[in-house]
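Before any comments, here is the structure.
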Amino acid sequence: MRIPCPHCGARDVQEFTYLGDAKPRRPEGLDATEAAMLEYVYVRDNPRGPNDELWYHAAGCRAWLMVRRHTLTHVIESAVPTKSAKAGVAA
Amino acid sequence: MRYSIFSLISQALKGHRGWQPAWRDAAPKPGYDVLVIGGGGHGLATAYYLASRHGISNVAVLEKGYIGSGNVGRNTTIIRSNYLLPGNTPFYELSMKLWEGLEQELNYNAMVSQRGVLNLFHSDVQRDAFARRANAMRLAGVDAAFIDREQVRSMLPFLDYETSRFPIQGGLLQGRGGTVRHDAVAWGYARAADSRGVDIVQNCEVTGIDIVDGRATGVQTTRGPIKAKKIALVVAGNSSRLAAMAGMRLPIESHVLQAFVSEGLKPLLDCVVTFGAGHLYISQSDKGGLVFGGDIDGYNSYAQRGNLPVIEDVMEAAMALWPGLGRVRLLRHWGGVMDMSMDGSPIIDHAPIEGLYLNAGWCYGGFKATPASGFCFAYLVAKDEPHPLAAAYRLDRFATGRLIDEKGVGAQPNLH
């Protein structure tokens, strides 16, 4: 599998680190309900089909990418840099 | 037909022309007391224990492909009960005890071989961790032997002891662990369930779950609608998809795990051995092939095939442990789809919908659990209360914080 990095071109999947589903967003502050935190930390859609996910190009440009990839065929539709990863998903 | 030495001799004299199919290829009836969705090892075991332990035989097992086509035929056939945490150890030990009596109970040769499972350690820290696990096992009544480097060398003289970056310092040996022929587990449970009246319906994919007033009443399938009083989901790998049909979302991601078998070799490895400095386990099948596997590929996938980097990683670990493998050729490799749960442990529980039961999240350790999973799930479905040894596998543990995180890596399924 190769990921078309917007900065480096198509690169081997070995250069990347996978974080996971890009959808969950950390609820705001201490006011977050337990249900919202449960959703954020544990519950996933886990689709068989196109999936938006976060990959880190560790051995390349070191950018976080939002990759839209099909989970059955592994075909990658798009890969774009994301700024939301740090604030929204990365621990 | 009961299998025995006498049936074998009698068939041999008749040229083996009298053998009958081991189970009926049933057509679905309009309704059942219990529908088991998923004809893998766990589903067939569930149906068998429902019929044999709880007298519920108006049961159908629905399988989208054919029996044994999924993960029960894609694993590396290892059985063990060398777990650390209280929620796990007694459950997997129940499974081991059921394995020990399985062939007599099912009247089917599953080639249960208690050849020993040896986990190697390569550092002082790992020695401490393994000593703790060995102690936890012995406290729970599981056999565990802690052996040193020289004892390992006497068992497996061909491993790399001298030149490696990760010298072997010793191992944790569970002598009762071993391997089982995985297809025969599916076939044995299918035959035993069928003989007690269970319908095994193949090529029957569930396309929808009927829910009326908050209660599951039946399913839509590619072979027509089927009504049921209780519906048991046992579809690890695809649990999220089935759950979505009932409007549920699960703490599970699907990932692909690859496994490998080499060309046939003369007998040289008489136990299961795992490499502690990487993720690798090897055993030798009775046909002579070395069966081995390692890590999951690490990203969400429903493809029953993996990518080359993990193959390379597994081969490197194999070479590091056992340099003599260098000229052995790989015969086949394949992939299976795993339900990777958020704490690395399974779920055996009621679903939040009445009449619906959930058995999921086996990560890549489901095969060894097959008998206990079916046993405890059948108990839950029949009695509407959890079996005491599986009571920790609750769906709500992610909300209550009672996680069973054997590896301690948190909610990152690709690391479990």
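Numbers restart at 1 for each chain; the letters A, B, ... are given by sequence-line order, proteins then strands.
Among A/Met1, A/Glu53, A/Glu34, A/Met37, the residue making the largest number of heavy-atom pairs under 4.5 Å with chain B is A/Met1.
Only the side chain of B/Arg241 comes within contact range of chain A, with heavy atoms under 4.5 Å apart. In this structure, no portion of B/Gln304 lies under 4.5 Å from any heavy atom of chain A. Both the backbone and the side chain of A/Asp45 come within less than 4.5 Å of a heavy atom in chain B. The contact between B/Asn300 and chain A is made by backbone and side chain atoms together, counting heavy-atom distances below 4.5 Å. With a 4.5 angstrom heavy-atom cutoff, A/Leu38 touches chain B only via side-chain atoms. Both the backbone and the side chain of A/Val41 come within contact range of chain B, with heavy atoms under 4.5 Å apart. Heavy-atom distances place both the backbone and the side chain of B/Ile252 under 4.5 Å from chain A. Contacts between B/Glu253 and chain A at a heavy-atom distance below 4.5 Å involve backbone atoms as well as side-chain atoms.
Checked by atom type and distance alone, the side chain of A/Asn46 never pairs as donor or acceptor with a backbone atom of B/Ser240 at under 3.5 Å.
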Task: Stepwise side chain to side chain contact (heavy atoms under 4.5 Å, CB included) test for B/Tyr302 and A/Asn51 - done: CA-CA 11 Å; B/Tyr302 282 92; A/Asn51 193 32; over 6 Å; no
Open item on the list: Please evaluate residues B/Gln412 and A/Leu19 with respect to the criterion side chain to side chain contact (heavy atoms under 4.5 Å, CB included), reporting the C-alpha separation (whole Å), side-chain torsions for both, the decisive distance (0.1 Å), and the verdict.
Closed with: CA-CA 8 Å; B/Gln412 195 63 32; A/Leu19 183 67; 4.1 Å; yes
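Rounding to the nearest 0.5 Å places NE2 of A/His74 at 2.5 Å from OG of B/Ser301. The CZ atom of A/Arg69 lies 6.5 Å from the OH atom of B/Tyr299; values are rounded to the nearest 0.5 Å.
Within the 4.5 Å cutoff, the side chain of B/Pro309 has heavy atoms near those of the A/Val13 side chain.
Under the 30°/60° scheme for interplanar angles, the aromatic rings of B/His255 and A/Tyr18 are found to stand perpendicular.
Remark: B/Arg249 CZ is packed, more than 12 non-hydrogen atoms of other residues, nucleotides or ligands lying under 6.0 Å away. No more than 12 heavy atoms of other residues, nucleotides or ligands shown are found within 6.0 angstrom of CZ on A/Arg2.
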